[in-house]
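For reference, the structure is listed below as structure tokens.
Counting convention: from 1, in listed order, for ligands and their atoms alike. Predicted model only: the values in this text are computed from it and were never measured.
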Amino acid sequence: MAGVSEYEYDLLVIGAGSGGVRAARMAATTGAKVAIVEDRYLGGTCVNVGCVPKKLYSYAAHYHDSFDDAAGYGWQLPGPASFDWSTLRDNKISEIKRLNGIYQRMLEGAGVTLINARASLADAHTVTLHEEQRDSTVTAQKVLLATGGWPWIPEFPGSEYAVDSNQVFDLETSPKRFLVLGGGYIAVEFASIFNGLGSETHLIYRGELFLRGFDQQVREFTCAEMERKGVNLHFNTNIERIEATQDAYNVYLTNGNMLEVDVVLAATGRKANIQGLGLDKVGLELDETGKIPVNDRFETACPSILALGDITPGPELTPVAIAEAMHLVESHFKEGTPEALDYTTIPTAVFCHPNIGTVGLSEEEAREKFTNIRVYSTNFRAMKHTLSGSHERTLMKLVVDDATDVVVGAHMVGDDAGEIIQGIAIAVRAGLRKHDFDRTVGIHPTGAEEFVTMRTLTRT
Ligand code: NDP
């Protein structure tokens with residue numbers, strides 16, 4: 001609770017990303033005196049170099065298919081469609097500036113003091129502000145570390161030629177030939193984006209099949225669909241070295257092949273953004289994954305220092321950081337003790353083309369956890385593609401615990417999978433049974449109705 005304090009602020013937040021901004025605003029609405037320190041852009045990774053620009057670029061890439069699909073519906077385009085990268089990039093920059101302004105107004109409107117500086121911990125209640133000309137200090141009863149993550153690139157000869165996911169949005173020109181290293185969210189999303197924008201696209205992944213940890217059938221289906229759309233997938237290989245030539249890069253792979261491309265994106269994961277944060281000043285240590293451990297109340301080993309979002313263990317997802325922020329404010333600035341945040345059944349989407357939406361357990365995880373499971377799956381050509389002539393297919397899948405009939409996993413690969421799975425996630429989260437899905441009337445004609453009409457058991 002806010003009250004008379006010996007400190008300048010009740011809460012000082014370091015980092016104005018999704019989690020930090022939400023925590024600052026919500027704490028301020030309880031009457032707490034709050035400041036937020038940021039030396040880069042407001043909104044953090046998600047708004048500036050993550051979810052938002054990625055989704056805009058993904059929309060741009062989808063037009064490629066839409067132009068092709070339109071002919072079967074009678075639309076004649078005046079000529080072959082052409083794409084202008086600088087229009088997309090510059091419109092994206094304007095939109096993000098608009099969002100930065102909204103973030104600023106939201107913070108100011110909530111009464112949060114915005115401090116433009118780089119911050120580091122000095123002690124358990126003191127933060128040093130590094131501004132251009134001088135350093136100063138500020139004190140707070142609680143300090144929240146919300147500095148997020150930063151892209152990480154492994155070292156190999158020529159790795160300095162690779163761009164990271166912060167840089168790829170603002171390339172000078174659109175690459176004719178694009179290569180991405182990695183098999184996670186960012187790699188498959190950008191492979192789909194540049195493929196859709198017309199680049200010859202290569203994805204290099206060191207394992208058997210990308211999207212490790214996702215449902216196996218989802219991974220295989222996505223692989224087939226991305227290949228069908230023209231992405232060149234190279235599995236079981238890695239980059240050995242990159243050599244720069246006059247106007248391109250020669251990328252030598254460990255399987256002996258060489259690819260000549262214009263841009264190499266390394267999408268090889270992110271690390272907690274803790275450089276220069278002064279964790280040693282308050283005795284904080286990282287766990288084995290390089291993150292800051294916290295308890296249910298988001299307190300670090302130094303109780304006045306809190307942390308949330310990508311700097312802590314757990315899924316690196318904006319809605320998770322936001323949920324953590326809400327929970328942190330409930331725990332520290334309101335009466336009562338909220339239940340610990342539940343990290344199970346967090347839905348997620350991968351905006352590759354076609355999109356993946358998923359919630360709950362994969363088939364493989366369910367087999368491990370339950371004695372018997374039932375799997376219902378369907379794989380069809382969406383109605384839209386009868387006339388469009390596209391061969392794109394959609395996968396939908398429910399995983400059920402046989403003993404209780406509870407749906408423990410729902411997966412989709414296809415148009416708007418994220419939109420559809422968000423709704424299904426409520427049912428899975430609520431622990432509804434397959435019987436409840438079956439007695440729900442479908443909406444016709446949609447693809448989503450398949451989630452309530454899958455009656456035939458695929459396998460046990
Ligand atoms: P991920 O951790 O998802 O994937 C990293 C990939 O890089 C993995 O395929 C990994 O391989 C591979 N890799 C790691 N080290 C090396 C190496 N030394 N050489 C070659 N390959 C390597 O990270 P991303 O960068 O894709 O994304 C970061 C996080 O951001 C995601 O995990 C996700 O939480 C979040 N995100 C969410 C999005 C969404 O919600 N749609 C979109 C984008 C990001 P291996 O599998 O073998 O370990």
> Which residue holds the protein heavy atom closest to atom 34 (O) of ligand 1, what is that atom called, and what is the gap in Å?
Replying inline: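 Minimum-distance protein heavy atom for atom 34 (O) of ligand 1 reads E316 O, 3.0 Å.
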Residue part near ligand 1, for [X], under 4.0 Å between non-hydrogen atoms:
X    : result
F156 : neither
T318 : neither
N238 : side chain
C51  : neither

> Going through the checks in order, is the ring pair (Phe, Tyr, Trp, His ring centres under 6.0 Å) test met by F351 and Y59?
Replying inline: CA-CA 10 Å; F351 296 97; Y59 283 133; 8.6 Å; no
> Relative to F333, does K142 satisfy both conditions: NZ or CZ under 6.0 angstrom from the six-membered ring centre, and within 45 degrees of the ring's axis?
Replying inline: yes
Per [atom], closest listed option by heavy atom ([options]):
atom                    : options                : answer
atom 23 (O) of ligand 1 : G418, G184, G269, P154 : G269
atom 32 (O) of ligand 1 : Y185, F210, Y205       : Y185
atom 10 (C) of ligand 1 : E189, K54, R206, K271  : R206

> Which atoms from ligand 1 have a heavy atom of W152 less than 4.0 Å away?
Replying inline: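 Numbered from 1, ligand 1 contributes 15 (N), 18 (N).
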>> Between Y161 and Y249, is the ring pair (Phe, Tyr, Trp, His ring centres under 6.0 Å) condition met? List the steps.
In response: CA-CA 8 Å; Y161 299 125; Y249 297 108; 5.4 Å; yes
> Taking atom types as modelled, is there a side-chain donor on N48 or N100 under 3.5 Å from an acceptor on the other?
Replying inline: yes
>> Checking T254 against T237: is there a side-chain donor and acceptor pair closer than 3.5 Å?
In response: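 Yes, because at least one side-chain N or O of T237 sits under 3.5 Å from a partner of the opposite role on T254.
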